[in-house]
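Being a predicted model, the structure only gives us computed values, none of them experimental. Here, residue 1 is the first one in the sequence, and each next residue gets the next number. Order of appearance sets the numbers: ligands from 1, and atoms from 1 within every ligand.
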Amino acid sequence: MTERTFSIIKPDATERNLTGKVNAVIEDAGLRIVAQRRIRMTRQQAETFYEVHKERPFFGELVDFMTSGPVVVQVLEGEGAVAKYREVMGATNPAQAADGTIRKLFAKSVGENSVHGSDSLENAKIEIAQFFTDADIVG
Ligand code: DAT
Ligand code: MG
């Protein structure tokens with residue numbers, strides 16, 4: 001089934017000028033970038049986005065990091081896009097990420113791990129709606 005998932009290229013990657021390299025891995029995997037915008041996330045946006053993690057010990061650090069520099073928010077489209085992008089991203093901790101994955105190639109640490117990708121179709125819809133309207137997405 002053709003799906004859409006939500007992606008963020010995080011501040012550690014934009015800081016190192018890796019947007020194009022990350023996008024090349026995404027496109028080489030057969031995913032289509034159907035919306036993309038570079039933004040500086042507000043604390044409010046980051047706190048809402050990561051609300052599910054608000055009781056975790058790293059929540060403050062996570063919000064600090066996500067607001068520390070520019071990010072690129074994206075909508076990716078393709079066959080089974082949600083699971084496919086999770087595969088292309090690799091494990092949360094880059095030390096455990098498979099060869100060729102974005103996190104293995106580029107991530108600095110478990111916290112500064114270069115990309116976000118939705119973990120379910122339901123969450124993808126919620127996350128896309130936080131940053132894009134239908135008119136922003138050109139499939
Ligand atoms: P993922 O981004 O792979 O979906 P997650 O949803 O469990 O991982 O966590 C969201 C983000 O929070 C993750 O990309 C980086 C940060 N994070 C997770 N576990 C962490 C930890 N043990 N220490 C620091 N940051 C962590
Ligand atoms: Mg997650």
For residues 102-116, tabulate all N or O donor-acceptor pairs below 3.5 Å that involve a side-chain atom, not counting sequence neighbours.
unit_1	atom_1	unit_2	atom_2	d
Arg103	NE	Asn113	O	3.3
Arg103	NH1	Gly90	O	3.2
Arg103	NH2	Val115	O	2.8
Ser109	OG	Gly111	N	3.4
Ser109	OG	Glu112	N	3.0
Asn113	OD1	Lys10	NZ	2.7
Asn113	ND2	Thr92	O	3.2
Asn113	ND2	Val110	O	3.2
Ser114	OG	Asp12	OD2	2.8
Ser114	OG	Ala107	N	3.4
His116	NE2	Glu127	OE1	2.9

Provide the number and element of each atom of ligand 1 under 4.0 Å from a heavy atom of Gly111.
25 (N)
Pull out every atom of ligand 1 sitting under 4.0 Å from any heavy atom of Asn113, numbered as shown with elements.
13 (C), 14 (O), 15 (C)
Kindly assign one of parallel, tilted or perpendicular to the pair Phe131 and Phe49, based on the angle between their ring planes and the thresholds 30° and 60°.
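Plane angle over 60°, so perpendicular.
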Which option, [options], owns the non-hydrogen atom nearest [atom]?
| atom | options | result |
| --- | --- | --- |
| atom 11 (C) of ligand 1 | Asn123, Val110, Leu62, Asp119 | Leu62 |
| atom 20 (C) of ligand 1 | Tyr50, Phe59, Phe49, Phe58 | Phe58 |
| atom 2 (O) of ligand 1 | Arg86, Arg103, His116 | Arg103 |

N or O pair under 3.5 Å between Thr92 and ligand 1:
yes
Do Glu79 and Thr2 come close enough that some side-chain heavy atom pair is under 4.5 Å?
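In contact.
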Any heavy atom of Lys10 under 4.0 Å from ligand 1? The part involved is side chain
Atom 6 (O) of ligand 1 [closest protein heavy-atom partner, distance rounded to 0.1 Å]
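Atom 6 (O) of ligand 1 sits closest to the protein heavy atom His53 NE2, 3.1 Å.
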Heavy atoms from other residues, nucleotides or ligands near CD of Glu15 exceed 12 (cutoff 6.0 Å):
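Result for CD/Glu15: open.
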More than 12 foreign heavy atoms under 6.0 Å from CZ of Arg86: is that the case here?
yes
Contact between ligand 1 and Met89 is defined here as a heavy atom of the residue under 4.0 Å from a ligand atom; is it met?
no
Ala124 versus Val82, closest heavy-atom pair with distance:
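In this case the closest contact between Ala124 and Val82 is CB-CG2, 4.3 Å.
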Below 4.0 angstrom, N of the basic side chain to O of the carboxylate: do Glu77 and Arg4 qualify?
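Salt bridge flag = yes for Arg4 with Glu77.
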